[in-house]
2 protein chains.
Amino acid sequence: MSRSHNCGQLTLGHIGETVTLNGWVQTRRDLGGVLFIDLRDRTGIVQVVFNPDYSGEALQIADKVRSEYVLSVTGKVVKRDEETINRNLPTGEIEVQITEIEVLNAAKTPPFFIEDGVEVDESLRMKYRYLDLRRPEMYKTMLLRSKAAKIFRDFLDSEGFIEIETPILTKSSPEGARDYLVPSRVHEGEFFGLPQSPQIYKQLLMVGGIERYYQMARCFRDEDLRADRQPEFTQFDIETSFMPQDELLSLMETLMQRLLKETVGVDVAVPFQRLTYAEAMGKYGSDKPDLRFGLELVEMNDIVAASGVKVFASVIEKGGEVKCLNAKGCGTWTRKEIDDLGPYAARYGAKGLAWIQVKDGEFKGPIVKFFTEEEIAAVKERTGAEEGDLLLFSADTKKVVADVLGALRLKIGRQLGLIDDSVFKFAWVTEFPLLGYDEDQKRYVAEHHPFTRPMDEDLHLFDTDPGAIRAQAYDIVLNGYEVGGGSQRIYKREIQEKMFDALGFTTEVAYEKFGYLLDAFEYGTPPHGGIAFGFDRLIMLLAGRTNLREAIAFPKTASATDLLMDAPAPVDAIQLEQLHIKLAPKPDKEKK
Amino acid sequence: MSRSHNCGQLTLGHIGETVTLNGWVQTRRDLGGVLFIDLRDRTGIVQVVFNPDYSGEALQIADKVRSEYVLSVTGKVVKRDEETINRNLPTGEIEVQITEIEVLNAAKTPPFFIEDGVEVDESLRMKYRYLDLRRPEMYKTMLLRSKAAKIFRDFLDSEGFIEIETPILTKSSPEGARDYLVPSRVHEGEFFGLPQSPQIYKQLLMVGGIERYYQMARCFRDEDLRADRQPEFTQFDIETSFMPQDELLSLMETLMQRLLKETVGVDVAVPFQRLTYAEAMGKYGSDKPDLRFGLELVEMNDIVAASGVKVFASVIEKGGEVKCLNAKGCGTWTRKEIDDLGPYAARYGAKGLAWIQVKDGEFKGPIVKFFTEEEIAAVKERTGAEEGDLLLFSADTKKVVADVLGALRLKIGRQLGLIDDSVFKFAWVTEFPLLGYDEDQKRYVAEHHPFTRPMDEDLHLFDTDPGAIRAQAYDIVLNGYEVGGGSQRIYKREIQEKMFDALGFTTEVAYEKFGYLLDAFEYGTPPHGGIAFGFDRLIMLLAGRTNLREAIAFPKTASATDLLMDAPAPVDAIQLEQLHIKLAPKPDKEKK
């Protein structure tokens, strides 16, 4: 019996109609010989009733069904009695009086209840992902994801972007994260690499005159995993030619605006706030600041350099810095509450955490006595300290200070309830450093990648201070998460050569690593640039989740395992032989 | 200078406007000190003019540019003089008088001309794919592909299908083609397999209550390649629950109808012709018949069994068959022309090719004398032989006869100009055999896959004649190519057990191979089925090409090589060590 309606769709408007429904048994209740089944399909739940008065043989059949049985039922939609109306259910005003039933399939008792909000061990959910996906919140997330992809595509299509698929079996890349490799059967001793991103291909497409490209691209990184990393992930990958950076950013703002409106129904204002990397690090201690609340960090060097607080003075002398976070209203915390911040700060590298309470109109705390009255007044003015505030100081290298106070800002913001989860706050972070110094390799490495275009006004720094060069690179940040990033690319040979030079690559090395791209760049490369959105993370945020795995239909665990398929797994010896490889187990002592 | 217009977009309506164009130099002609450049972007070509009268310094700069230089130019759109109008160019009635120019980039002379219809070695095109893509026909194919993907998606979205991404890093599958493997770094000695299709995942999604799924999925097969195979390929993958086969097929017909209308502007009628596998093989000698022309094969056994043609009689006695192809109008061929068909037929397994010419009102040819007059009359009636026809006979096993006459039918159809390339002729081929007997393994193997549902009316044959069971499987055929295929799936345990039994799998073996799916099937599996379209092949046909590589942005060669990136390639020893594998070269004598 083919369905005529979906379960979640039935309303008072269907009363009197005979309908056929297909779905799963959510619950089954027998009340004095009358059987009530909540039947579920992907659209929702409806109550179907088997009553000796009208169900005949169907009642006997229905009597044997259990949770998660698959049914096809036919019956008449009727209004429920006033006292049995279920206001919590969209279909709660009606029920269906069943006259025919077919049991399409039986089901064993599932290992967990198919409903939202159940407390289930995540590995059990992953092993039985096909049952987990039946839970309404999982289905809703998948629907959201599908819808979001469509919004991206419709928007980009309407702006003249062309979707082009790039290879998955490609070349292991010489820079960046670890690649997954695929041994070749045809070419003995050779390997494909799975792409960390379509970066090279999308730049080649620009050389190829495609001008506006996009792809929902699968990417792969064989890195040790964290909660928000997966070995394979999806990015919405975009590249344009002849489009100035501002135009691209503004186009992406419109896309995000539409995405938020059409998925979660939230209006976000454009243009988004733009912060330089230096501003973001300075005010928020992070290159992906959560801008849903204030609590900005305050520069203290000039005020405290000459103070009696020795550690401040010495840090500043060594080129470090002192900054303050005014934890508004935390001045009433107990000593223990304040002290508890210490270990937390230590996780981010803090060697100590100085603090001042503003209590009974006075500055209080161990370091207060080392300040002059003028210094106290200056601190007060700079930090806006008021009665009941708690000033937290970090003194260390720039990086440690940013990490420590950035983390404390988030912790305290959350603790004080300053973060409104219904708010979506986008920002651009721009002018990232082009190069970072790698102490291991004793050379500069590309912060973004070796084809990122430097800012024109910084080009002269190649000769004097490469580390100070800012890139035409940008991240898009949402609620403290980096949800995308990109850059304008180098398209002029002479700048590319300067870049390789700064990275310590000879022409030969550069050619060996990126020959195909450098060749391509010789044949008329247009100015180009792009961006890629981390689609999994974006969906996670739109769905209001905090775990990336909730946004993916079949995710892998933190140890890169597919618990459902039990992959990876050993393979037959003959398969390896055909691929010209053999296993090379580590000696036992080397194993962890 | 940011572009204000695209090159191909300018018409008489823009006259008088000052425009800025960005693009590549297609050609450059100097006519008495006036410089004419055809500037190309992805939308087309427009003539821009540098004249001492108005171009000033821009002329000197322009004088230095060569083919494929990247320019930004600004100037005024003017009407061309009547005698210089180029009717072959959409922009041929206007030109742009340039006043400003910026050379965005220089270019070396490309290894081949950037224009359609050039004769270039394909490997050169693949190595310089980024230049090849600049050719208008390649860009048009990419645009067609992007558009086709959008049509698929829009249609499926509107029908309530949800796009879900399934993993690329998955498990090596125990049946079917050879897998690509990916060694795991984290799990020593274990491997991921790249998916040959999302088959298992999409069935799990149906178990998971998704009901309507689709995905533009990348698939991988490590098989020896042919002209129409690629190691990685794209399929539009679709699966539904609770949808009868007829409903699915009719939905797909509407999708194809829309696709053809919106890409190539062709109306195709629905419903499509439906042939059973037996009909297709019988009439056309192929399970993917080209139905743009007739030339149907004719069954001859009853007529020729008792004839004096010994080979016919003996073949029939051994259970083989004799069939005839009436090559209309080929009766005038010379003996040499007819004889030349022999070697061609031999490629498809023919041991010989008997023939009869209808000439001067008579049957002529070596075998005619072995027929009685009644037999001649019967042959004539059955084949519809008329003056000027050529009857070709194949006598062999069913398979060889189908292969030989099927191939001859295509060859002769093409030769006679019976195939109209502007016609798109779809058909469904249904009722495929469920099982085929594998002589090597001495057992039945699944023709489609082990989860294909048998036809209900054939279930009893499991006990008596498994080879005769027909499957609820269907292919969609377009102009002689299989462009998609699918099946309804087994969802009842007892039928799945019969199937495994027929395949010679014990419960243990079945569980070892497909445990996760069999487990899943225990928890309330809905009736489900689906289809997958070979997207690359579909695009190839829509673009009017005959080589799959023309439909793919970055294809691989017949030896699974990416000539552009030079992949696969050797990798560093340290990479292999981290993956717990080492190279195992074949001894020299084993190498080909």
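No hydrogens, no waters, no symmetry mates; every other heavy atom, side chains included, goes into these values. Note that the structure is a prediction, hence the values are computed from the model and not measured. Every chain is numbered from 1 and lettered A, B, ... according to where its sequence line falls, protein lines coming before strand lines.
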Examine whether an atom of [X] lies under 4.5 Å from a heavy atom of chain B, and if so say whether it belongs to the side chain, the backbone or both; otherwise answer neither.
X: A:Leu583; answer: both
X: A:Tyr69; answer: neither
X: A:Ile200; answer: side chain
X: A:Asp519; answer: both
X: A:Val182; answer: both
X: A:Ile552; answer: neither
X: A:Gln215; answer: side chain
X: A:Thr109; answer: backbone
X: A:Asp536; answer: neither
X: A:Ser184; answer: side chain
X: A:Leu564; answer: both
X: A:Asp562; answer: side chain
X: A:Lys150; answer: side chain
X: A:Arg40; answer: neither

Can you check whether [X] reaches [Y] side chain to side chain, under 4.5 Å on heavy atoms?
X: B:Tyr130; Y: A:Leu517; value: no
X: B:Asp179; Y: A:Val571; value: no
X: A:Met142; Y: B:Tyr213; value: no
X: B:Tyr523; Y: A:Pro111; value: yes
X: A:Lys171; Y: B:Pro568; value: no
X: A:Pro183; Y: B:Pro183; value: yes
X: B:Trp24; Y: A:Pro526; value: yes
X: A:Asp41; Y: B:Phe242; value: no

Do you know which two heavy atoms are closest between [X] and [Y], and how far apart they sit?
X: A:Leu104; Y: B:Lys492; answer: O-NZ, 3.1 Å
X: B:Ile164; Y: A:Ala553; answer: CG2-CB, 3.5 Å
X: B:Arg134; Y: A:Gly524; answer: NH2-O, 2.9 Å

Under a 4.5 Å heavy-atom cutoff, which of [options] has the most pairs with chain A?
options: B:Leu71, B:Val186, B:Thr166, B:Leu194; result: B:Thr166
options: B:Lys127, B:Met138, B:Met216; result: B:Met216
options: B:Pro244, B:Ser146, B:Gly209; result: B:Ser146
options: B:Leu579, B:Asp222, B:Val70; result: B:Asp222
options: B:Ala569, B:Gly160, B:Gly193; result: B:Ala569
options: B:Arg135, B:Gln578, B:Met206; result: B:Gln578

[X] versus chain A, the contacting section by heavy-atom distance below 4.5 Å:
X: B:Leu169; value: both
X: B:Leu576; value: side chain
X: B:Asp157; value: side chain
X: B:Ser72; value: neither
X: B:Phe233; value: neither
X: B:Val103; value: backbone

List in chain and number order the residues that pass ring pair (Phe, Tyr, Trp, His ring centres under 6.0 Å) with A:Tyr201, two or more places apart in sequence or in another chain; answer none if no residue qualifies. B:Phe554

Do [X] side-chain atoms and [Y] backbone N/O form a donor-acceptor pair below 3.5 Å?
X: B:Arg218; Y: A:Glu165; result: no
X: A:Lys108; Y: B:Glu522; result: no
X: A:Arg42; Y: B:Ile210; result: yes
X: B:Arg178; Y: A:Arg185; result: no
X: B:Asn105; Y: A:Thr525; result: yes
X: A:His187; Y: B:Pro570; result: no

Salt bridge (Lys or Arg N to Asp or Glu O under 4.0 Å) partners of B:Lys582, counting only residues at least two apart: none

In sequence, state the C-alpha distance, the side-chain angles, and the governing distance for B:Glu211 and A:Arg3, and then conclude on salt bridge (Lys or Arg N to Asp or Glu O under 4.0 Å). CA-CA 12 Å; B:Glu211 299 189 17; A:Arg3 66 158 54 124; 2.9 Å; yes

Would you call A:Glu163 and B:Arg145 a salt bridge, using N to O less than 4.0 angstrom? no

